[in-house]
Trainee: 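One structure, as structure tokens, below. Some questions next.
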Amino acid sequence: MDYNFREIEQKWLAYWKINGTYKTVIDKNKLKYYVLDMFPYPSGSGLHVGHPLGYIASDIFSRYKRLKGFNVLHPMGYDAYGLPAEQYAIQTGQHPSVTTKKNIARYREQLDKIGFCYDWDREIRTCEPDYYKWTQWAFIQMFNSYYCNDLKKARPISELIKAFELQGTKDLNIASTVDLQFDAEEWKSKTVKEQQEVLLNYRIAYLADLKVNWCTALGTVLANDEVSEGVSVRGGYQVEQRIMRQWSLRVSAYAQRLLDGLNTVDWTDSLKETQKNWIGRSEGAEIKFHLTPALSKGDGADQNSTFDQSRNEKNPHFYTTNKLDWGLLHDHAKAMRSEPTEAESNLWEMLRGNKTGYKFRRQHQIDKFIPDFVCLEKKLIVEVDGENHSSDEQIELDKARTNILEELGYRIIRFSNEDVKLLPQIIIEKIKVELSKTESLFNKTIVQNAVPLSFQEGQGDLIEVFTTRADTIYGVTFMVLAPESELVKQLTTSEKAAEVENYITATKKRTERERIADRKVSGVFSGSYAINPVSGTEIPIWISDYVLAGYGTGAIMAVPAHDSRDYAFAKHFNLPIIPLIEGCDISNESLDAKEGIMINSGFLNGLTVKVANEKAKKYIVENEIGNVKVNFRLRDAIFSRQRYWGEPFPVYYIDEMPYMLDESKLPLELPEIDKFLPTEKGEPPLGRAKNWQTEDGYPLEFCTMPGFAGSSAYYLRYMEPKNDKELVSREANQYWRNVDLYIGGTEHASGHLVYSRFWNKFLFDLGLICEDEPFKKLVNQGMIQGRSNFVYRVKDRNTFVSLNLKNQFETTAIHVDVNIVSNDILDIEKFKNWNPDYKEAEFILEDGKYHCGWAVEKMSKSMYNVVNPDDIVEKYGADTLRLYEMFLGPLEQSKPWDTNGIDGVHRFLKRLWSLFYKDENFLVSNETPTADELKILHKTIKKITFDIENFSYNTSVSAFMICVNELFSLKSSKRAILEPLVILLAPFAPHIAEELYHVLGNDNSVCDASFPICNEDYLIESAIKYPISFNGKVRFMIELPAEMSKEEVEKAAMENELTLKQLEGKKPKKVIVVQGKIVNIVI
RNA sequence: GCCCGGAUGGUGGAAUGGUAGACACGAAGGACUUAAAAUCCUUUGGCUUCACGGCUGUGCGGGUUCAAGUCCCGCUUCGGGUACCA
């Protein structure tokens, strides 16, 4: 009887189906094990031979765990929403649900042939209403939650509303889009609409105006991970930046937890690394740079000011302090001015607006002080003292202050609060008298040109920057704003307005792609300056597109000596470069390394970079120049898609504010529409749906959810796919908990695996599920590459020349379908029929054969190198396919598919079969196995067990081959050996294993057998073949008893005549004996 | 640029610091057969030798070690990820 794989496989596939062999139920007597595949998007082209690789690997592990006594959950489903089906619908008018159903049916048919142990009763499809009901439900929960940074978890938004009513934003530490400040009264005075708008700033699912990746060709917004190098990942269409009002998920709030969680999961280092990079945590400081007050720098500068005299330009007229102090005190002055005492307020009313005949300023900085009122023209200061000015200590301080101010040429008059309140008119008169005592300092003509600015005018604001290199603060020679920064408008001086405008328009025109491709330095000077808060130097503020608006604060402090981008910019615009590291050479490039000894850095001089950085940060915090901050690269996930084929949002609008549907209204089903295109008004396709509104007539959301929505919590739904009350019941979740083994491709490292971990953590915060991380262990299978074949056409002729003769002609290489090539030999007849053009083709052969060339390329239709698993199953059977996929090489490694090698594993199965049958005779006996046979078996058990646990399936297939080859050469067909072997093989080749298991007389399924256990006793060797090496080179072997001691081995080796021959009479310097392993003689 | 993987026969690949090339494919030779398929047996890294054997050999150059494909340092090169992330 021959190995008839077709018959066998069909028989057992039917048996498994009828007997529900793979049906899984909760069984608390057994330990659970959850094995999950990344579910596929059912594309129109069906599965190729690369797709099942991971599925086979997970299937082997599932079956192995089951044989080990675990209750294994191993489900499968479809990621059924997606762009390709909709693009196809646009082209053909076919409803995406129709094509999706068709594709799923095709996938299922292909998967079924391979003999997977999926519990198909648990199948899910993300496009089915009873599935996406829970996607919508989760979205509602996110809308109704905010993230508390103190508790580090999501909390109900109702708590936040209560807090706002009681205390406003005071003392709250909440993840938000922008930092808002308001008190309880302000909150209560807001309209409902305003309150809703404010709440969006905190909700985990929120609507906001954001800069998004807009893809015109696809007519939709895309998430960051759906865009690569400025084009869409799917389709490769151009993507541009736009501001749009979009739904987003506050993933960024979870950044730190997403990072921390990586330490608790068993993933490969490279995958964890990718996630770490994507989250992009950087520790640094946010530093405030105040702007230089924009005074006219005309003649008539005040020579008595403490302004930096070393500068060549003339000092501006109204500087009354130095820039460093101005920067430090600026905020303080502003704050004082906004909260005046009653007396100050009264007096100001009488002084303001030239009521005295002269201009007064209040809380204007002079040197290190902020006097209450000052008339600069007459250098007269008016102070109003409160109660605390009566203390001795205060009197001393006031005196010191008066002295300094008087030295600067100011006269000071003081009044008490009481005086101002009771005798306002008398005080005004006194002030007028004082004013008349001195000459005006101002040359009238200059005053007309050089108009001083008061505090609130102009750009009296500040720029905040984020830096990881606070230690380089002394090397800042300019600042750069992102062109999109809101500060640009404020900072641009009138002279520079046109230039800046031009630059920004030009930048906007450039697509992301152009920016990346053409990385030439560009930028424009804003006309404004800022003051370095540590060194006090004045630095110009530039605008350039090398600074990103979306990261940090959208502004940087540029340290050209130690940042290559800043360096390029400084060189291009001829800006100063100050080296900060001892001995660094910055004549040609910057020194970006974070090591060395600081120079040119004031109080940081002589310190190492690391120490200096810490010291600088401490200084910044202590002097209130800024604060220490952690920044993340991870952005919130944009969650709206202007497309049809996705989950509808459970959202309606009142007065343009979003509200959630009641949970009882879920699922909100995707409506039918006439065309899958945007409306004439440019609204998303759902704008075409009739009656797309609530029962009360409020309009529903037009956008749908993105592809990752449905795949973010699908692993939970498999636990209880038919529960219509909950996403998953507590009971089912407590039992199955999370995925023990997740297998899939690396392409999901930054998308799906971040989103689903976020989604999972959110549900965990709500107490709905019991595990913080969804996927305990994750294995990435490598890509299966294609192996293309080529034929060589002689130029201008319909003649093809075989590979090794092609150099004699001028030829063109043409891809040829790998399915009509075998072992690189072309099937000429099939080739002629393959394409009508080749019907009459002629061939130049070698040895009567046409040899094709080959190359490893991506597996794709256009390369004609796609191999369909159906064809392999048809020709060799599913067991051969499974074994061969595993035999190709290590699971995680990319490798080319070459059908050539498949005969080897097929032969192996036939040889295994031949241990059972010869012609019509059943060979299996009940004889007691020999020690040799037992050794072969147990060696194999040991190896296979180890290999499965380590996902080294290619070596397990080899081990099976070795085992069968050895049994074959012993002509051994004993039940005691073959039965465990069959069970051992069952995870890999379930059909043939099931057949042989039954042939051996078992009635139950091999799936429910017990995995054999290695008995080390059978592996003990009585003799060991010692390799004898000289200076590390093995010369010969000697066989010695295993129990021989080190000394005896050495003696035996030294006495051997071959050793004597090798030594040639010389005395060995040293003899190393590794017992049971090797002998090395050093001469 | 940065990060992460690789590099071993004609091919896919194997090798807890201890006999490099297991296991397969392919190729060559042979057996069986009218023939083919299937199956079985032998050989198969390179160079050299009639042979025993010898020399050489895991991308390149150093190093550690009794012993290195494996560990360390410096390169070359291929693949993947990521990007003006401050």
Side-chain angles (χ1 to χ4, degrees), chain A residues 2 225 228-229 268-274 276-278 280-282 284 465-469 472 480 482 515-516 519 521 544-548 550-559 562-566 568-569 592 631-635 746-747 749-750 780 782-783 785 787 823-825 854 856 883-884 887-890 892-908 910-911 914 946 952 954-963 965 968 1025-1037 1068-1074 1076-1083:
Chain A
D2 287 338
D225 69 282
S228 178
E229 302 200 347
T268 60
D269 287 341
S270 70
L271 184 58
K272 285 190 198 178
E273 197 62 35
T274 307
K276 275 182 200 162
N277 290 343
W278 192 257
R281 182 181 198 274
S282 46
V465 300
F466 175 74
T467 179
T468 54
R469 294 291 304 273
T472 61
V480 187
R515 273 207 207 183
I516 291 162
R519 199 172 294 185
V521 177
S544 173
D545 64 3
Y546 86 88
V547 173
L548 304 178
Y551 185 76
T553 59
I556 60 153
M557 58 177 223
V559 185
H562 303 288
D563 181 289
S564 41
R565 296 155 298 177
D566 297 343
F569 195 83
D592 293 11
N631 240 318
F632 292 96
R633 196 183 85 104
L634 185 70
R635 296 281 82 117
T746 18
E747 66 272 21
S750 53
N780 282 128
M783 284 229 307
Q785 297 154 307
R787 187 181 185 277
N823 285 328
D824 294 337
I825 305 296
W854 63 273
V856 173
L883 285 172
Y884 188 57
F887 186 65
L888 272 180
E892 317 82 38
Q893 235 172 63
S894 285
K895 59 246 165 195
W897 176 273
D898 181 0
T899 309
N900 287 343
I902 203 167
D903 290 317
V905 288
H906 192 62
R907 260 172 227 153
F908 154 72
K910 283 204 268 192
R911 186 167 269 200
S914 77
F946 180 84
S952 176
N954 55 328
T955 52
S956 13
V957 178
S958 298
F960 278 123
M961 288 173 169
I962 293 167
C963 175
N965 285 347
F968 181 82
K1025 276 186 181 162
Y1026 277 94
I1028 311 299
S1029 58
F1030 296 84
N1031 291 338
K1033 285 178 189 172
V1034 175
R1035 293 293 138 161
F1036 56 90
M1037 316 281 288
K1069 283 185 192 149
K1070 205 179 194 183
V1071 178
I1072 284 139
V1073 177
V1074 183
K1077 275 272 158 64
I1078 199 166
V1079 178
N1080 191 15
I1081 299 166
V1082 187
I1083 307 172

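In the text below, chain A, chain B and the rest are named by the order of the sequence lines, each starting its count at 1. Quantities reported herein were computed from a predicted structural model and do not represent experimental measurements.
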Trainee: On the ring face of A/Trp278, is A/Arg633 found with NZ or CZ under 6.0 Å from the centre and within 45° of the axis?
Mentor: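 Yes, A/Arg633 lies over the aromatic ring of A/Trp278.
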
Trainee: B/A86 phosphate, OP1 or OP2: any side-chain N/O from A/Ser282 under 4.0 angstrom?
Mentor: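 Yes, A/Ser282 has a side-chain N/O under 4.0 Å of OP1/OP2 on B/A86.
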
Trainee: Given atom CD1 of A/Ile825 and atom C1' of B/A27, what is their separation to the nearest angstrom?
Mentor: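 Those two atoms, CD1 and C1', are 11 Å apart.
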
Trainee: Rounded to whole angstrom, note down the C1' distance from B/C50 over to B/A68.
Mentor: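 Pairwise C1' distance, B/C50 against B/A68, rounds to 37 Å.
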
Trainee: Taking atom P in both B/G9 and B/G21, what distance in whole Å separates the two?
Mentor: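 After rounding to an integer number of Å, I get 14 Å for this pair.
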
Trainee: Return the value, rounded to whole Å, for the distance between atom CZ of A/Phe569 and atom C1' of B/A86.
Mentor: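 Distance, rounded to whole Å: 14 Å.
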
Trainee: Between B/C84 and B/A15, how many Å separate the two P atoms, rounded to a whole number?
Mentor: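 B/C84 and B/A15 have their P atoms separated by 40 Å.
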
Trainee: What integer distance in Å separates A/Ile1083:CD1 from B/C66:P?
Mentor: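 Answer to the nearest Å: 16 Å.
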
Trainee: When the distance from CD of A/Glu273 to C1' of B/A83 is rounded to whole Å, what number comes out?
Mentor: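 Rounded to the whole Å, the gap is 15 Å.
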
Trainee: Would you measure the distance from the C1' atom in B/G17 across to the matching atom in B/U70 and give it in whole Å?
Mentor: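 Comparing C1' positions in B/G17 and B/U70 gives a spacing of 7 Å.
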
Trainee: Starting from P on B/C23, measure out to CE on A/Met961 and report it in whole angstrom.
Mentor: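 Taking atom P of B/C23 as the reference, CE of A/Met961 is at 11 Å.
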
Trainee: Tell me whether the OP1 or OP2 atom of B/U39 has a side-chain N or O from A/Arg911 closer than 4.0 Å.
Mentor: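 Checking B/U39 against A/Arg911, no side-chain N or O comes under 4.0 Å of OP1 or OP2.
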
Trainee: What would the secondary structure line of RNA chain B be in dot-bracket form, counting Watson-Crick and G-U wobble pairs under 3.5 Å, with [ ] for pairs that cross earlier ones and | for pairs with another strand?
Mentor: (((((((..(((.....[....)))((((((.......))))))((((....))))..(((((..]....))))))))))))....

Trainee: I want to confirm an ordering. Mapping A/Lys1025 and A/Thr274 to their closest nucleotides on RNA chain B, which one lands closer to the 5' end?
Mentor: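 Checking each residue's closest nucleotide, the 5'-ward one belongs to A/Lys1025.
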
Trainee: In whole Å, I'd like the distance from the NZ atom of A/Lys1070 to the C1' atom of B/C66.
Mentor: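 Answer to the nearest Å: 5 Å.
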
Trainee: Rounded to whole Å, how long is the line connecting atom CH2 of A/Trp897 with atom P of B/C25?
Mentor: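 Whole-Å distance recorded here is 15 Å.
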
Trainee: Considering only atom P, compute the distance from B/C72 to B/G18 and round it to an integer number of Å.
Mentor: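 So the two P atoms sit 15 Å from each other.
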
Trainee: Mind checking the P distance from B/A24 to B/G45? Whole angstroms is fine.
Mentor: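 Looking at atom P only, B/A24 and B/G45 are 15 Å apart.
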
Trainee: Is the glycosidic torsion of B/G9 within 90° of 0, making it syn, or is it anti?
Mentor: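 Here the answer is syn: the torsion falls within 90° of 0.
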
Trainee: Among residues at least two apart in sequence or on other chains, which ones pass salt bridge (Lys or Arg N to Asp or Glu O under 4.0 Å) with A/Arg911?
Mentor: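 By the salt bridge (Lys or Arg N to Asp or Glu O under 4.0 Å) rule, A/Arg911 matches no residue at all.
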
Trainee: In whole angstrom, give me the gap between the P atoms of B/U64 and B/C4.
Mentor: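 Each nucleotide's P atom is 27 Å from the other's.
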
Trainee: With a 4.0 Å cutoff (strictly under), does any side-chain N or O of A/Lys276 reach OP1 or OP2 of B/C4?
Mentor: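 For B/C4, neither OP1 nor OP2 has a side-chain N or O of A/Lys276 closer than 4.0 Å.
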
Trainee: Taking only the C1' atom of each, what is the distance from B/G12 to B/A7 in whole angstrom?
Mentor: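 The answer is 15 Å between these two C1' atoms.
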
Trainee: Please confirm whether the shortest side-chain N or O distance from A/Arg1035 to OP1 or OP2 of B/C55 is below 4.0 Å.
Mentor: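 Answer is yes, contact under 4.0 Å.
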
Trainee: Taking only side-chain N and O atoms of A/Asn954, does any of them lie within less than 4.0 angstrom of OP1 or OP2 on B/G13?
Mentor: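 Indeed not, no polar side-chain atom of A/Asn954 lies that close.
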
Trainee: Rounded to the nearest 0.5 Å, what separates atom CD1 in A/Ile556 from atom OH in A/Tyr551?
Mentor: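 Going from the CD1 atom of A/Ile556 to the OH atom of A/Tyr551 covers 12.5 Å.
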
Trainee: A/Val1074 near the nucleic acid: base, sugar-phosphate alone, or nothing, with a heavy-atom cut-off under 4.0 Å?
Mentor: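 Base, at least one base heavy atom under 4.0 Å.
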
Trainee: Between B/C40 and A/Arg907, is there an OP1 or OP2 to side-chain N/O distance shorter than 4.0 Å?
Mentor: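 No, no such contact exists.
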
Trainee: For B/U11, does either OP1 or OP2 sit under 4.0 Å from a side-chain N or O belonging to A/Asn823?
Mentor: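 For B/U11, OP1/OP2 do not have a side-chain N/O of A/Asn823 under 4.0 Å.
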
